Amino acid sequence: MFSSTLLIIALVAYCCCAGMLFLYGLNCYAMIWLFVRSRKEQLRKKHTLLERVERKMQADDWPVVTTQLPIYNEKFVIERLLKAVCAFDYPRDKHDIQLLDDSTDETAELSRRLVSDYQKQGFRITLLQRKDRAGYKAGALAYGMQVARGDLFAIFDADFLPPPDFLKKTVPFMIGDAKCGFVQTRWGHHNRGFSLLTMAQSIGIDGHFVVEQSARAWNDLYLNFNGTAGLWRRQAIEQAGGWQSDTITEDLDLSYRTQLEGWHGRYLFDVVVPAEIPTDINALKSQQYRWARGSIQTALKLLPAVLRQKNTRGFKKLQAILHLTHYMVHPIIVMMTLLVLPLLVWGQDVFRPFVIAPLLFLMLVSLVAPSTLYVFSQLVAYPDWKDKLRFIPGLTILGMGLAVNNTLGVAAAIFDRKGGVFVRTPKLGAMAVSGPKDKPSKTARVYLIRRNRSYWLEVFLGLWACAAFARFMFVSKFLVGPILLLHALGFLYVGVVSVVHDRRARRLRVWSISE
């Protein structure tokens with residue numbers, strides 16, 4: 001039997017968790033409001049800047065741009081990437097391409113052949129292969145910057161397909177705004193229709209890129225570079241201390257350090273670069289783990305400096321806190337799931353109407369707010385937005401189920417601040433669009449994701465939430481119970497699908513190694 005003191009502590013902890021989720025949820029509405037408030041004015045300013053640059057520029061005034069392509073074991077997508085970058089409609093003598101290849105498989109030889117072919121066609125392309133992966137992606141970008149002749153750097157991950165006019169649409173913002181340190185464009189999805197999983201992910205990504213990035217950029221809030229599909233200024237990178245690998249989200253880290261040095265970023269809502277969405281849930285979990293860990297690492301590293309900034313308004317600092325600590329919602333969800341069953345079993349009387357009513361309000365707002373943001377992002381970005389709304393429940397369940405995986409990432413950031421291994425997200429090229437119909441040839445290098453056994457915790461929490469839901473129904477707390485049912489569905493879905501996808505991947509043997 002729990003003592004009264006323990007029950008009170010558990011109840012206070014549960015209510016505090018609900019309050020924190022409410023705060024993060026409320027910020028979704030703030031992002032929507034900031035987007036709506038600023039959109040027209042930002043479009044006007046953008047057109048004014050572009051007209052000014054166009055009047056001043058001559059045909060030969062384009063600056064030298066170095067496009068950096070950091071890759072590691074990307075045999076399925078490297079050829080497609082190089083073809084897209086070499087198709088840029090930018091003056092060829094002003095466009096250098098660096099293929100930063102740290103590969104340890106046959107991709108290295110494929111890179112050498114492709115680069116040689118493009119060099120013969122007159123492209124200014126070089127292959128840089130390091131002896132080791134020191135600093136991972138950050139180390140590769142820094143290495144390439146040392147030998148680059150340009151002062152502007154476009155960066156693309158291996159699975160991105162930039163349009164031919166990418167540089168023509170982004171470089172003018174660097175020309176017309178001397179304090180613009182970086183430009184970030186919107187991610188698209190060239191395989192969103194692969195499965196229900198990829199459709200759900202695409203909507204979640206749209207929430208960030210359509211609404212949140214726009215709202216931050218247009219309202220002078222801290223903006224993050226997303227690691228790819230963007231443009232950097234050399235001076236901004238160097239003044240901020242260069243690419244650093246003490247966090248595993250080097251992009252988020254550098255973008256905040258740059259803004260702390262007085263530079264600002266610009267976000268281009270209407271420049272869309274398609275990318276590949278993970279088709280395997282374990283690849284998604286690997287990606288989410290890296291983002292969760294890296295975000296909290298960056299928060300621990302830079303939030304003190306953000307809060308010490310003079311002449312920075314309080315709202316901007318608050319948004320930085322919510323932005324960098326957003327992945328804390330996942331340990332909060334796990335904590336609430338663990339607490340609710342003991343409270344119901346040993347202290348069901350604590351859930352009296354005066355406790356249930358405010359709790360229900362806080363939890364409903366925190367649950368509905370992200371979905372509202374996702375719906376709004378589809379409304380703004382797509383004419384057929386109504387067709388995509390049926391995937392919102394799936395995204396909600398997926399988000400709940402990823403809480404265990406992301407909590408592990410948060411814990412790793414708190415207890416180990418030494419950066420960590422950069423675990424890249426697998427890219428499958430054409431197979432991520434059509435699906436692998438047959439096994440690859442025996443001569444192909446086997447790519448496997450390192451097995452993630454967090455699914456045991458996910459299944460356990462799913463069953464735990466089921467028990468709590470049953471208890472809620474037994475004691476007639478019908479209003480709050482359905483929220484627990486969502487938790488149960490989420491944990492069980494992610495846990496079970498993780499096992500299914502792991503077995504499928506090892507049978508087909510087409511997925512990517514983790515490091």
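Note that the structure is predicted; figures quoted are calculated from it, not measured.
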Legend entry - Distance under 6.0 Å and angle within 45° of ring axis: Arg192 vs Tyr382: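 Positive - Arg192 is close enough to the ring of Tyr382 and near enough to its axis.
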Inset, instruction - Decide whether a cation-pi geometry holds between Arg39 and Phe269; the criteria are a distance under 6.0 Å from NZ or CZ to the six-membered ring centre and an angle within 45° of the ring axis. - result: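 Arg39 over Phe269 ring: yes.
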For the [atom1] atom on [X], are there more than 12 heavy atoms of other groups (residues, nucleotides or ligands in this structure) within a distance under 6.0 Å?
X: Lys40; atom1: NZ; value: no
X: Leu196; atom1: CG; value: no
X: Met199; atom1: CE; value: yes

So [Y] and [X], do their side chains get closer than 4.5 Å, heavy atoms only?
X: Gln184; Y: Phe209; result: yes
X: Lys388; Y: Tyr374; result: no
X: Arg216; Y: Tyr222; result: no
X: Val380; Y: Val211; result: no
X: Leu486; Y: Leu367; result: yes
X: Ile277; Y: Leu284; result: no
X: Tyr24; Y: Leu322; result: yes
X: Phe173; Y: Leu50; result: yes

Legend entry - Pairwise salt bridge (Lys or Arg N to Asp or Glu O under 4.0 Å) hits with a residue in residues 14-23, at least two apart: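 Non-adjacent pairs meeting salt bridge (Lys or Arg N to Asp or Glu O under 4.0 Å): zero.
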For [X] and [Y], does a side-chain donor sit closer than 3.5 Å to a side-chain acceptor?
X: Gln297; Y: Asp246; value: no
X: Asn226; Y: His208; value: yes
X: Thr198; Y: Asn191; value: no
X: Asp220; Y: His264; value: no
X: Ser454; Y: Lys285; value: yes

Nearest 0.5 angstrom please: [X] [atom1] to [Y] [atom2], how far?
X: Arg290; Y: Gln288; atom1: CZ; atom2: CD; value: 9.5 Å
X: Leu197; Y: Leu395; atom1: CG; atom2: CG; value: 10.5 Å
X: Arg293; Y: Ile414; atom1: CZ; atom2: CD1; value: 11.5 Å
X: His323; Y: Leu318; atom1: NE2; atom2: CG; value: 13.0 Å
X: Leu489; Y: Leu485; atom1: CG; atom2: CG; value: 4.5 Å
X: Gln259; Y: Phe182; atom1: CD; atom2: CZ; value: 4.5 Å

Taking [X] for the side chain and [Y] for the main chain, is one N or O donor matched with an acceptor at less than 3.5 Å?
X: Gln378; Y: Asp384; answer: no
X: Asp157; Y: Asp159; answer: no
X: Asn219; Y: Ala215; answer: yes
X: Ser286; Y: Asn282; answer: no
X: Ser255; Y: Phe225; answer: yes
X: Gln42; Y: Trp218; answer: yes
X: Trp243; Y: Glu250; answer: no
X: Arg233; Y: Cys180; answer: yes

What closest approach, in Å, do [X] and [Y] show between heavy atoms, and which atom pair accounts for it?
X: Cys466; Y: Leu492; result: SG-CD1, 3.9 Å
X: Ala468; Y: Leu341; result: CA-CD1, 3.7 Å
X: Ala299; Y: Thr325; result: CB-CG2, 4.2 Å
X: Ala200; Y: Leu398; result: CB-CD2, 4.4 Å
X: Leu362; Y: Ala18; result: CB-O, 4.1 Å
X: Leu339; Y: Tyr14; result: CD1-N, 3.8 Å

Inset, instruction - Could you check Met336 against Leu21 for side-chain contact (heavy atoms from CB on, under 4.5 Å), going step by step and ending with a plain yes or no? - result: CA-CA 10 Å; Met336 292 181 72; Leu21 284 184; 3.6 Å; yes
Inset, instruction - Check the pair Gln213, Leu223 against side-chain contact (heavy atoms from CB on, under 4.5 Å), reporting the backbone distance first and the verdict last. - result: CA-CA 7 Å; Gln213 287 291 72; Leu223 177 70; 3.4 Å; yes
Inset, instruction - Name all residues meeting the side-chain hydrogen bond (donor to acceptor under 3.5 Å, both in side chains) criterion together with Lys169; count only those two or more places apart in sequence or in a different chain, and write none if there are none. - result: Asp165
Legend entry - Glu261: side-chain hydrogen bond (donor to acceptor under 3.5 Å, both in side chains) partners, not counting sequence neighbours: none
Inset, instruction - Could you tell me how the ring of Phe160 sits relative to the ring of Trp187: parallel (under 30°), tilted (30 to 60°) or perpendicular (over 60°)? - result: perpendicular
Inset, instruction - Please state whether the rings of Phe361 and Phe22 are parallel, tilted or perpendicular, taking 30° and 60° as the class boundaries. - result: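 The arrangement is tilted - the two ring planes meet at 30° to 60°.
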Inset, instruction - I would like to know whether Cys28 and Thr372 meet side-chain contact (heavy atoms from CB on, under 4.5 Å); could you show each step before the answer? - result: CA-CA 8 Å; Cys28 293; Thr372 303; over 6 Å; no
Legend entry - Set of ring-ring contact (aromatic ring centres under 6.0 Å, His included) partners for His330, sequence neighbours left out: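 His330 satisfies ring-ring contact (aromatic ring centres under 6.0 Å, His included) with Tyr327 only.
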Inset, instruction - Taking ring-ring contact (aromatic ring centres under 6.0 Å, His included) as the test, write out the residues that go with Phe491, two or more places apart. - result: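 Listed in chain order: nothing, the list is empty.
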Inset, instruction - Using the test salt bridge (charged side-chain N to carboxylate O under 4.0 Å, His left out), find all partners of Asp387 that sit at least two apart in sequence or belong to another chain. - result: none
Inset, instruction - Begin with the C-alpha distance, continue with both residues' side-chain angles, and end with the deciding distance and a verdict on side-chain contact (heavy atoms from CB on, under 4.5 Å) for Gln309 and Lys316. - result: CA-CA 11 Å; Gln309 282 287 97; Lys316 185 173 181 177; over 6 Å; no
